[in-house]
**Q** 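Questions regarding the structure given below will be posed in turn.
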Amino acid sequence: MKLSRPLFVLALWATSFFAQAFESEQTVRIVNNSSGKSIFVENSSLEENKNVVLWTETNVNAQRWTLTAKTNGTFLLCNDYTGFYLSGISSGTTGTVGQTSRTSANSKGSWDFVPVEGTTNQYYIYQGTTKRYALAAAANPTEGSTLTIVNTASSQSIDPARITWTVEVVEPMEREFTKDKRDDMMEKWKARAYKKASTGWVIGNGGWWGDAEMFEIVLDALETTGDQQYATMFENLYTNFIARNKDTWYQKGVSGYNEYNDDIAWMCIACV
């Protein structure tokens, strides 16, 4: 259902009397009602001004936002993974939403949570205190759809589902990537993907491009830990690669040569 401008503005005015009090340092998950997807920093990027998008909830820090209260009753929302703030990143008052520094967010990233009457944890999220410029999903949001700020006081009717958000206070997730976590990840990855072959060992399905990427993971682990098990692991994997592709794999016209130069380039990078 779409609301005409007068009824829409009246509905927003009525909800302002039922505000739930959020607090500084609370961590929230924000889900768009029209898609059921959470707001997420695109590709978990650590770049400033990167877009914020809708994505299936994967329970990661890039989908968590910690509140900081401002004196005017609005909040800054800091992403728990990147440390940047949810903010408008277009030059005007409406347009694309992304992540910015705190300094930039102070002007275009102060958010007012206005409850939707008759619901639980449902909000319109406005930029600033005017209750005019609202955080919005695309008209037909899909995985990776960007977010925008729309002018709810314009003459054009707006589907309320686009600007309705479920805001849930959640327990903050651990933010520190420890040695124990790293080692646990590597051990579980090896247990799942690293298998004995007739010659050497293979990881995953044993393809050219896939092999190159997996080899680089092993070498990154060697470089960052100094643990010689990863040197042995690489030798075992390369032994299997040679058994399947011969040691002339990079020589054109020779048995075992791969005609796809991007495959060869990836493997050269891994072998260097």
Side-chain angles (χ1 to χ4, degrees), residues 1-40 52-57 59 63-80 85-88 92-97 105 107-142 145-172:
M1 179 184 72
K2 293 186 178 181
L3 299 178
S4 66
R5 182 186 175 191
L7 290 177
F8 184 60
V9 173
L10 178 62
L12 297 180
W13 173 82
T15 61
S16 65
F17 293 99
F18 300 91
Q20 174 181 328
F22 289 107
E23 299 176 359
S24 278
E25 303 305 318
Q26 285 182 323
T27 298
V28 296
R29 170 174 48 217
I30 304 175
V31 180
N32 175 246
N33 283 17
S34 64
S35 64
K37 300 182 187 300
S38 300
I39 65 172
F40 173 68
V52 169
V53 300
L54 293 177
W55 200 261
T56 298
E57 176 61 40
N59 199 37
Q63 292 173 309
R64 300 291 180 267
W65 305 84
T66 295
L67 306 176
T68 298
K70 300 188 71 176
T71 56
N72 63 0
T74 63
F75 290 89
L76 300 177
L77 280 76
C78 181
N79 187 264
D80 278 15
Y85 291 79
L86 185 71
S87 178
T93 53
T94 59
T96 307
V97 175
S107 61
K108 300 187 71 173
S110 297
W111 303 99
D112 186 13
F113 294 88
V114 178
V116 178
E117 186 177 5
T119 67
T120 301
N121 297 334
Q122 310 267 313
Y123 296 85
Y124 302 115
I125 303 176
Y126 288 99
Q127 184 188 62
T129 59
T130 62
K131 295 181 176 60
R132 180 175 183 177
Y133 301 106
L135 182 68
N140 296 293
T142 58
S145 290
T146 55
L147 303 185
T148 59
I149 297 168
V150 297
N151 184 354
T152 60
S154 68
S155 59
Q156 183 178 3
S157 62
I158 299 172
D159 183 350
R162 289 183 57 197
I163 61 170
T164 304
W165 305 86
T166 298
V167 184
E168 180 186 2
V169 177
V170 295
E171 289 296 321

**Q** Quick check for you: to the nearest 0.5 Å, what is the distance between Ile149 atom CD1 and Leu135 atom CG?
**A** 7.0 Å

**Q** Closest heavy-atom contact between Ala69 and Ser24?
**A** N-OG, 2.6 Å

**Q** Could you go step by step and tell me if Asp112 and Thr129 meet the side-chain hydrogen bond (donor to acceptor under 3.5 Å, both in side chains) rule?
**A** CA-CA 6 Å; Asp112 186 13; Thr129 59; over 6 Å; no

**Q** For the residue pair Leu76 and Gly109, what are the closest heavy atoms and their distance?
**A**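 It is CD2-O, 3.3 Å.
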
**Q** Which of these, Ile39, Val31, Val28, sits in a side chain to side chain contact (heavy atoms under 4.5 Å, CB included) with Trp165?
**A** Ile39

**Q** Can you tell me how far apart NZ (Lys131) and CD1 (Ile125) are? Round to the nearest 0.5 Å.
**A**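 Reported value, rounded in 0.5 Å steps: 13.5 Å.
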
**Q** Can you measure from CH2 (Trp65) to CG (Asp80) and round to the nearest 0.5 angstrom?
**A** 9.0 Å

**Q** Using side chain to side chain contact (heavy atoms under 4.5 Å, CB included), reason through Val167 and Asn121 one step at a time and then give a plain yes or no.
**A** CA-CA 5 Å; Val167 184; Asn121 297 334; 5.8 Å; no

**Q** Working note: Val150 + Thr94, criterion side chain to side chain contact (heavy atoms under 4.5 Å, CB included); need CA distance, chi angles, decisive distance, verdict.
**A** CA-CA 6 Å; Val150 297; Thr94 59; 5.7 Å; no

**Q** Does the plane of the ring in Phe75 sit parallel, tilted or perpendicular to the ring in Phe22? Use 30° and 60° as the thresholds.
**A**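 Rings of Phe75 and Phe22: perpendicular, as their planes differ by over 60°.
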
**Q** Tell me whether Asn72 at atom CG has more than 12 heavy atoms from other residues, nucleotides or ligands lying less than 6.0 Å away.
**A** yes

**Q** Does any N or O in the side chain of Thr166 come within less than 3.5 Å of the main-chain N or O of Gln122, such that one atom is a donor and the other an acceptor?
**A** no

**Q** Quick one: pull up CG in Leu54 and OG1 in Thr142 and give me the separation to the nearest 0.5 Å.
**A**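 The OG1 atom of Thr142 is 8.5 Å from CG of Leu54, to the nearest 0.5 Å.
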
**Q** Verify, without hydrogens or angle tests, whether Ser87 (side chain) and Lys108 (backbone) share a donor-acceptor contact under 3.5 angstrom.
**A** yes

**Q** Might you work through the side chain to side chain contact (heavy atoms under 4.5 Å, CB included) test for Lys37 and Asn32, ending with a clear yes or no?
**A** CA-CA 6 Å; Lys37 300 182 187 300; Asn32 175 246; 5.8 Å; no

**Q** Could you measure the distance from the OG1 atom of Thr164 to the OH atom of Tyr124? Nearest 0.5 Å is fine.
**A**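 Rounded to the nearest 0.5 Å, the OG1-OH separation comes to 4.5 Å.
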
**Q** Quick one: OG on Ser38 to CD1 on Ile30, what's the gap to the nearest 0.5 Å?
**A**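 With rounding to 0.5 Å, OG (Ser38) is 9.0 Å from CD1 (Ile30).
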
**Q** Just by distance, do the side chain of Arg132 and the backbone of Asn151 share a donor-acceptor pair under 3.5 Å?
**A** no

**Q** Under 3.5 Å, side chain of Gln63 to main-chain N/O of Arg29, donor-acceptor pair present?
**A**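 Such a contact is absent between Gln63 side chain and Arg29 backbone.
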
**Q** If we ignore hydrogens and angles and just use 3.5 Å, is the side chain of Trp111 paired with the main-chain N or O of Leu86 as donor and acceptor?
**A** yes

**Q** Are the charged groups of Arg64 and Glu168 less than 4.0 angstrom apart, N to O?
**A**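 No, Arg64 and Glu168 are not salt-bridged.
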
**Q** Step by step, work out the side chain to side chain contact (heavy atoms under 4.5 Å, CB included) result for Thr96 and Leu147.
**A** CA-CA 6 Å; Thr96 307; Leu147 303 185; over 6 Å; no

**Q** When you measure from the side chain of Thr74 to the backbone of Gly128, do you find a donor-acceptor pair of N or O atoms at a distance under 3.5 Å?
**A**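 No; zero donor-acceptor contacts below 3.5 Å.
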
